[in-house]
Amino acid sequence: MSERLVVIGGDAAGMSAASQARRRRGADDLEITAFERSSWVSYSACGEPYHVAGYVDRLESLVARTPQQFAAMDIDVHTRHEVTEIDLAKRAVVVRDLQEGRSFLTEFDQLLIATGARAMRPTIRGRDLEGVHELRTLDDAARLRQIADAGTGNVVVVGGGYIGLEAAEAFHVQGWNVTVVTSGQRVLDRTLHSDMGQKVVDSMRRVGIEVVLGTRVECLNGSTRVESVGCSDSTHPADLVVLGLGSEPEVELAEAAGITLGSTGAIAVDDHQRTAAAGVWSAGDCAEAMHRVTGKPVNIHLGTIANKAGRVAGINLGGEDAVFPGVLGTAITKILDTEISATGLRLAEAKAEGFDAVEGRATGTTTAGYYPTASEITISTVAERRTGRIIGAQIVGGSGAAKRIDVFATAIWSNMTVQDLAWVDLAYAPPFSGVWDLIHISARNAARLALG
Ligand code: FAD
């Protein structure tokens, strides 16, 4: 008899795993059934802000594979089906068909929990007023795009993380008056050093986006529709509010089934994506991953991690042996012409983790200074004192700045030092960099401090 694999959650982690398992084991050997609560599978949440902005016109183009395409691979996908319980003793899940309103039991031999993360919901007054939205699911993106297309007005984005910034760009280019309110002293304050966060704030203000820092939203006002956002000492008119307060792992199902959670609150997994329960696997935003610099578990919500962790789970479920090598939390975003990226640890994080760390800084231009598209770029390189081992980097700058972070991610991944990086044979031509790239200069500055 064939084994039965049930996948809970039909996006990046779940469907990567299902596809990889199927490549290695035919349908006569492994039955694969995936349950997805929403109407979509295998979609790119990452593309949602660009749909709202109007850069990507068709929502459907954010979908990598449809249930029909999975069916052609003998993967049985059920959208609008929510798993409401995992019964480890019976080796079964309880599934609610959201269309028909009935529940049924599906047995499994192997189970993959890939339930992802959900947007954080504030408990403030007015949360449920009309006109208050999140940007998490494709349905959220479709609704926000409809609103953006229907006219213009005042939008308040609550939260200065990358989803908040991407939402701010989307409505700015759609002609709305945008205000970003954040409790942080800067935007992206969990990603960037504060002065680099300030550069992003300055670039937003230059294009007319209002940024309100160090301010908590206390209430959303209106009778049925939102009309304004109330903060401790200011009120901001709002026809629309987009909440971008971060995300938390969806672990309630796993927790209720007695599956061990880790210190981050996400599902604890080993380097094969196995949970502590036999035959139960987990990957993606709902699961922990090991940070390669600290060696500690983290729960970072990125599509890059979800795809790779899902792939590892799927290879293992397919009968081969794959190890998830860990993460650096490498992330990249932009707001209009300002690009932002980061990898590894910031100086403050490195110190909090017990590293004797230094930071090398460099500000210059993205291209040769004389080239017409030259714009400012700042790079921060964090390294361990004495050894010079690179442990983090952040970049803020104009077009072409942010993808330089991949050099740092590769360097950290392979335990390079700032002394090495300062001499690496990087490509040069005037439209792309100076003859010494800012990467070299920032690494050289870090080496000077690290080695004394
Ligand atoms: P999810 O994508 O959250 O999928 C989990 C799925 O499980 C969901 O579809 C959910 O409906 C389903 N589910 C949950 N519970 C159940 C249940 N009980 N029964 C059935 N189904 C269930 N990452 C990047 O790396 N780069 C980016 O540029 C980027 N941009 C982003 C922009 C936005 C607006 C958002 C929201 C996220 C972005 N991300 C980005 C993060 C990235 O999208 C996530 O890390 C990735 O989608 C995680 O994949 P996942 O499969 O773990 O979880």
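When a ligand or atom number is given, it counts from 1 through the structure's own listing order.
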Q: Is the backbone of Asp57 close enough, under 3.5 Å, to the side chain of His51 for a donor and an acceptor to pair up by distance?
A: yes
Q: Give me the nearest non-hydrogen protein atom to atom 28 (O) of ligand 1 as residue plus atom name, then the distance to 0.1 Å.
A: Cys46 CB, 3.6 Å
Q: At under 4.0 Å between heavy atoms, is it the side chain or the backbone of Leu253 that contacts ligand 1, or both, or neither?
A: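 Within the 4.0 Å criterion, Leu253 contacts ligand 1 through side-chain atoms alone.
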Q: What protein heavy atom is closest to atom 7 (O) of ligand 1, reported as residue, atom name and distance in Å?
A: Gly9 CA, 3.2 Å
Q: At a non-hydrogen distance cut-off of under 4.0 Å, which region of Ala117 contacts ligand 1 (side chain, backbone, both, or neither)?
A: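 The answer is the backbone.
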Q: Checking the N or O distance criterion of under 3.5 Å, is ligand 1 in contact with Glu166?
A: no
Q: For Gly14 and ligand 1, does the shortest N/O to N/O distance drop below 3.5 Å?
A: no
Q: Tell me which protein heavy atom sits closest to atom 23 (N) of ligand 1, plus the residue, atom name and distance to 0.1 Å.
A: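 In this structure, atom 23 (N) of ligand 1 has Gly303 N, 2.9 Å as its nearest protein heavy atom.
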Q: So, Arg65 side chain and Ser42 main chain: donor-acceptor pair closer than 3.5 Å or not?
A: no
Q: Test of understanding: with side-chain hydrogen bond (donor to acceptor under 3.5 Å, both in side chains), list the residues that count as partners of Arg404, not counting sequence neighbours.
A: Asp437
Q: Tell me yes or no: between the side chains of Thr84 and Glu82, is some donor less than 3.5 Å from an acceptor?
A: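 Thr84 vs Glu82: no donor-acceptor pair found between side chains.
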Q: Return the residue, atom name and 0.1 Å-rounded distance of the protein heavy atom closest to atom 19 (N) of ligand 1.
A: Val83 N, 3.0 Å
Q: Gly116 heavy atoms, cut-off 4.0 Å: which ligand 1 atoms fall inside?
A: 1 (P), 3 (O), 5 (C), 52 (O), 53 (O)
Q: As a check for students: among Asp11, Val41, Val7, identify the option with a heavy atom nearest to atom 2 (O) of ligand 1.
A: Asp11
Q: Would you call the rings of Tyr50 and Tyr55 parallel, tilted or perpendicular, where under 30° means parallel and over 60° means perpendicular?
A: parallel
Q: Verify the distance criterion only: is there a donor paired with an acceptor across the side chains of Asp139 and Trp40 at less than 3.5 Å?
A: yes
Q: Of the backbone atoms (N, CA, C, O) and the side-chain heavy atoms from C-beta on, which set of Ala114 has a member under 4.0 Å from an atom of ligand 1: side chain, backbone, both, or neither?
A: backbone
Q: Let's go through Leu138 and Val63 carefully: what are the C-alpha distance in whole Å and the side-chain angles of both, what is the deciding distance for side-chain contact (heavy atoms from CB on, under 4.5 Å) to 0.1 Å, and is it a yes or a no?
A: CA-CA 9 Å; Leu138 280 196; Val63 175; 4.0 Å; yes
Q: Heavy atom under 4.0 Å from ligand 1: found in Ile163's side chain, backbone, both, or neither?
A: side chain
Q: What atoms of ligand 1 come closer than 4.0 angstrom to any heavy atom of His81?
A: 20 (C)
Q: Please list, in number order, the atoms of ligand 1 under 4.0 Å from a heavy atom of His301.
A: 41 (C), 45 (O)
Q: Taking the side chain from Ser183 and the backbone from Arg216, do they hold a donor-acceptor pair closer than 3.5 Å?
A: no
Q: I'd like to check which ligand 1 atoms, numbered from 1 as shown, lie under 4.0 Å from a non-hydrogen atom of Gly284.
A: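 Those atoms are 52 (O).
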Q: Taking Arg4 first and then Glu31, would you say they form a salt bridge - that is, a charged N and a carboxylate O separated by under 4.0 Å?
A: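 No, no charged N to carboxylate O under 4.0 Å.
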Q: Once you restrict to heavy atoms under 4.0 Å, what part of Ala306 touches ligand 1? Side chain, backbone, both or neither.
A: side chain
Q: Look at Arg186 together with Asp189 and state whether they make a salt bridge at an N to O cut-off of under 4.0 Å.
A: no
Q: How far is atom 38 (C) of ligand 1 from its nearest protein heavy atom, and which residue and atom name does that atom have?
A: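 Checking every protein heavy atom, the shortest distance to atom 38 (C) of ligand 1 gives Tyr162 OH, 3.5 Å.
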Q: Should Arg118 be listed as contacting ligand 1, given a heavy-atom distance under 4.0 Å as the test?
A: no
Q: Using only atom types and a distance under 3.5 Å, with no angle test, would you say the side chain of Arg127 pairs donor to acceptor with the backbone of Pro122?
A: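 Side chain of Arg127 to backbone of Pro122, a donor-acceptor pair under 3.5 Å: no, none is there.
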Q: Out of Gly310, Ala45, Ala167, Ala331, whose heavy atom is nearest to atom 34 (C) of ligand 1?
A: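 Shortest heavy-atom distance from atom 34 (C) of ligand 1: Ala45.
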Q: Which of the atoms of ligand 1 are close to Leu302, meaning less than 4.0 Å from one of its heavy atoms?
A: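 Here the atoms of ligand 1 in question are 23 (N), 24 (C), 25 (O), 44 (C), 45 (O).
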Q: For atom 51 (O) of ligand 1, what is the closest protein heavy atom, and at what distance to 0.1 Å?
A: Ala13 N, 2.9 Å
Q: Any donor and acceptor pair, going by atom type alone, linking the side chain of Arg225 with main-chain N or O of Leu240 inside 3.5 Å?
A: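 Flag not set: sc Arg225 to bb Leu240 has no pair under 3.5 Å.
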Q: Could you go through Val83 and Thr106, starting from their C-alpha distance and side-chain angles, then the distance that decides it, and tell me whether this counts as side-chain contact (heavy atoms from CB on, under 4.5 Å)?
A: CA-CA 10 Å; Val83 174; Thr106 297; over 6 Å; no
Q: Show the atoms of ligand 1 that are less than 4.0 angstrom away from any heavy atom in Ala12.
A: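 Close to Ala12: 49 (O), 51 (O).
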Q: Specify the protein heavy atom at minimum distance from atom 21 (N) of ligand 1: its residue, its atom name, and the distance to 0.1 Å.
A: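 The answer is Arg37 N, 3.1 Å.
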Q: Taking Asn299 for its side chain and Asp285 for its backbone only, find out whether a donor-acceptor pair lies under 3.5 Å.
A: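 Between the backbone of Asp285 and the side chain of Asn299 there is a qualifying donor-acceptor contact (under 3.5 Å).
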Q: Relative to ligand 1, is Ile8 under 4.0 angstrom through side chain, backbone, both or neither, heavy atoms considered?
A: side chain
Q: Counting only heavy atoms, which portion of Glu48 has something under 4.0 Å from ligand 1: side chain, backbone, both, or neither?
A: side chain
Q: Check for a donor-acceptor pair, side chain of Arg311 on one end and backbone N or O of Gln20 on the other, with a separation under 3.5 Å.
A: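 Absent.
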Q: Can Tyr43 be said to touch ligand 1, with heavy atoms closer than 4.0 Å?
A: yes
Q: Which residue and atom name correspond to the protein heavy atom nearest atom 14 (C) of ligand 1, and how close is it?
A: Thr115 O, 3.3 Å
